[in-house]
Participant: 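Following this message is one structure expressed as structure tokens.
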Amino acid sequence: MKSNDFIYILGEKYFYNEDKIISLSNGVTIKYKDESDLEKKLKIYFKELVTERVRYFESIMKTEHYNVRVQKMRSRYGSNSKRTHTLNFSTVLVHYCLEIIDSVVVHELAHYYEFNHSNKFYNVVYKYCPDYNYLHKCLRKGVFYGKTNNK
């Protein structure tokens with residue numbers, strides 16, 4: 001995730017520098033004052049990114065439109081609130097590659113069809129994320145780069 005020298009963002013390793021600027025490979029530049037400021041800016045960036053991914057998968061999975069929130073979560077990477085029709089995602093996901101983030105998005109949206117973890121639920125997950133088992137294993141083991149950037 002992060003150390004004194006570097007941080008993973010979207011599965012790629014970025015080294016801290018004196019300028020306090022991180023230029024992501026997708027062209028986004030994050031300027032920060034200190035670690036706390038970087039966390040705030042990463043949260044804003046991640047909310048925009050994960051909302052975009054939710055909208056994409058809502059359209060192909062043909063689900064309803066969900067509210068999207070990001071927050072620090074201790075024991076989960078995501079949750080789906082039936083009552084508030086809100087998907088919550090852990091801010092820690094910003095460190096993982098996009099395919100792992102997408103696997104969590106698909107998992108949470110699959111609860112639109114099945115609000116449990118039955119075989120029917122996982123059939124929906126595998127339909128939209130065939131590599132789900134592998135990606136979920138990477139997530140649990142803290143492997144930030146999945147299959148795309150084997151480092």
Side-chain angles (χ1 to χ4, degrees), residues 1-3 6-14 16 22-30 32 35-151:
M1 186 174 346
K2 59 184 174 179
S3 79
F6 64 87
I7 185 170
Y8 277 99
I9 302 173
L10 299 183
E12 294 185 34
K13 188 186 269 188
Y14 294 93
Y16 295 112
I22 297 175
S23 297
L24 303 182
S25 62
N26 62 6
V28 171
T29 299
I30 300 172
Y32 60 97
E35 189 174 333
S36 174
D37 189 43
L38 178 58
E39 279 187 36
K40 287 177 192 170
K41 290 183 176 174
L42 282 175
K43 182 177 179 180
I44 292 165
Y45 171 72
F46 181 63
K47 183 169 194 274
E48 291 172 9
L49 175 84
V50 78
T51 300
E52 190 178 290
R53 301 311 296 162
V54 166
R55 298 296 172 248
Y56 170 74
F57 282 104
E58 284 172 339
S59 69
I60 65 170
M61 293 174 72
K62 306 212 182 326
T63 67
E64 291 179 8
H65 186 81
Y66 278 86
N67 300 313
V68 177
R69 291 182 58 208
V70 297
Q71 60 191 39
K72 284 187 179 180
M73 298 170 80
R74 293 191 198 287
S75 61
R76 297 178 180 198
Y77 296 105
S79 67
N80 180 325
S81 173
K82 204 176 208 176
R83 185 177 58 78
T84 63
H85 209 65
T86 300
L87 300 179
N88 291 287
F89 296 96
S90 173
T91 53
V92 75
L93 288 172
V94 74
H95 303 290
Y96 289 89
C97 67
L98 196 56
E99 64 186 346
I100 292 174
I101 294 167
D102 284 349
S103 74
V104 177
V105 170
V106 167
H107 178 107
E108 296 310 328
L109 285 172
H111 284 302
Y112 174 78
Y113 296 103
E114 292 293 324
F115 223 77
N116 55 43
H117 292 110
S118 66
N119 286 339
K120 280 175 79 175
F121 168 82
Y122 281 106
N123 287 340
V124 174
V125 171
Y126 297 137
K127 179 178 179 180
Y128 298 100
C129 185
D131 294 331
Y132 179 79
N133 284 339
Y134 171 78
L135 297 169
H136 188 67
K137 199 175 289 184
C138 289
L139 182 63
R140 286 193 330 264
K141 289 183 176 186
V143 177
F144 301 111
Y145 42 81
K147 294 191 312 193
T148 55
N149 298 330
N150 290 333
K151 296 179 182 175

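This chain uses plain numbering: 1 for the first residue, then up along the sequence. Both backbone and side-chain heavy atoms feed into the values below; hydrogens, waters and symmetry mates do not.
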Participant: With a 4.5 Å cut-off on side-chain heavy atoms, are Leu38 and Ile7 touching?
Facilitator: yes
Participant: Which residues pass the side-chain contact (heavy atoms from CB on, under 4.5 Å) test with Ser59, not counting sequence neighbours?
Facilitator: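 Expected list: none.
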Participant: Met73 and Gly78: which non-hydrogen atoms are nearest, and at how many Å?
Facilitator: CE-C, 4.2 Å
Participant: Look only at the side chain of Ser90 and the backbone of Leu93, and say whether a donor-acceptor pair between them is shorter than 3.5 Å.
Facilitator: no
Participant: Under the side chain to side chain contact (heavy atoms under 4.5 Å, CB included) criterion, do Leu24 and Ile30 qualify, and how do the steps go?
Facilitator: CA-CA 8 Å; Leu24 303 182; Ile30 300 172; 4.2 Å; yes
Participant: Sequence neighbours excluded, which residues qualify as side-chain contact (heavy atoms from CB on, under 4.5 Å) partners of Phe121?
Facilitator: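 For Phe121, the residues satisfying side-chain contact (heavy atoms from CB on, under 4.5 Å) (neighbours in sequence not counted) are His107, Ala110, His111, Glu114, Asn116, His117, Ser118, Val125.
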Participant: Quick one: side-chain hydrogen bond (donor to acceptor under 3.5 Å, both in side chains) partners of Ser23, sequence neighbours excluded?
Facilitator: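 By the side-chain hydrogen bond (donor to acceptor under 3.5 Å, both in side chains) rule, Ser23 matches no residue at all.
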Participant: Considering only residues two or more places apart or on different chains, which pairs with a residue in residues 44-59 satisfy salt bridge (charged side-chain N to carboxylate O under 4.0 Å, His left out)?
Facilitator: Arg53-Asp102, Arg55-Glu58
Participant: Applying salt bridge (charged side-chain N to carboxylate O under 4.0 Å, His left out), which residue pairs with at least one partner in residues 69-98 are found, sequence neighbours left out?
Facilitator: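 Qualifying pairs, neighbours excluded: Glu39-Lys72.
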Participant: Suppose we screen for side-chain hydrogen bond (donor to acceptor under 3.5 Å, both in side chains). Which residues come up paired with Tyr113, at least two apart in sequence or across chains?
Facilitator: none
Participant: Please determine which of Val94, Leu49, Val104 meets the side-chain contact (heavy atoms from CB on, under 4.5 Å) test together with Phe89.
Facilitator: Val104
Participant: Give the intermediate values and the outcome of side chain to side chain contact (heavy atoms under 4.5 Å, CB included) for residues Met61 and Val124.
Facilitator: CA-CA 9 Å; Met61 293 174 72; Val124 174; 4.0 Å; yes
Participant: Listed by chain and number, what are the side-chain contact (heavy atoms from CB on, under 4.5 Å) partners of Asp37, not counting sequence neighbours?
Facilitator: Tyr32, Lys33, Asp34, Lys41
Participant: Quick one: list whatever passes side-chain hydrogen bond (donor to acceptor under 3.5 Å, both in side chains) with Tyr128, sequence neighbours left out.
Facilitator: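 Here no residue qualifies.
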Participant: State which residues pass ring-ring contact (aromatic ring centres under 6.0 Å, His included) with Tyr96; sequence neighbours excluded, sorted by chain then number.
Facilitator: Phe144
Participant: Evaluate the criterion side chain to side chain contact (heavy atoms under 4.5 Å, CB included) for residue pair Ser79 and Leu87; output intermediate values, then yes/no.
Facilitator: CA-CA 6 Å; Ser79 67; Leu87 300 179; over 6 Å; no
Participant: My understanding is that only residues two or more places apart in sequence, or in another chain, count here; which of them pass side-chain contact (heavy atoms from CB on, under 4.5 Å) with Lys43?
Facilitator: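 Listed in chain order: Val70, Thr91.
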Participant: Would you give the length of the straight line joining atom CG of Leu109 to atom CD of Glu64, rounded to the nearest 0.5 angstrom?
Facilitator: 11.0 Å
Participant: If I take atom CD1 from residue Ile100 and atom SG from residue Cys138, how far apart are they, to the nearest 0.5 angstrom?
Facilitator: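 The distance works out to 4.5 Å.
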Participant: Measure the spacing between OH of Tyr132 and OG of Ser103 and express it to the nearest 0.5 Å.
Facilitator: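 Those atoms lie 6.0 Å apart.
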Participant: Are Asn88 and Gln71 side-chain neighbours, meaning at least one heavy-atom pair lies under 4.5 Å?
Facilitator: yes
Participant: Ring pair (Phe, Tyr, Trp, His ring centres under 6.0 Å): which pairs involve residues 36-68, sequence neighbours left out?
Facilitator: Tyr66-His85
Participant: As an exercise, state the distance from NE2 of His95 to CG of Leu42, rounded to the nearest 0.5 Å.
Facilitator: 6.5 Å
Participant: Closest heavy-atom contact between Asn26 and Val28?
Facilitator: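 Reported closest heavy-atom pair: OD1-N, 3.1 Å.
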Participant: Would you say Leu135 and Cys129 make side-chain contact, with heavy atoms under 4.5 Å?
Facilitator: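 They are in side-chain contact.
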Participant: Quick one: pull up CD1 in Ile9 and OG in Ser25 and give me the separation to the nearest 0.5 Å.
Facilitator: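 It is 10.0 Å, given to the nearest 0.5 Å.
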Participant: Assess the residue pair Val92 and Tyr77 against the criterion (side chain to side chain contact (heavy atoms under 4.5 Å, CB included)); give the C-alpha distance rounded to whole Å, side-chain angles, the decisive distance to 0.1 Å, and a yes or no.
Facilitator: CA-CA 8 Å; Val92 75; Tyr77 296 105; 3.9 Å; yes
Participant: Can you measure from NZ (Lys62) to OH (Tyr112) and round to the nearest 0.5 angstrom?
Facilitator: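 The OH atom of Tyr112 is 11.5 Å from NZ of Lys62, to the nearest 0.5 Å.
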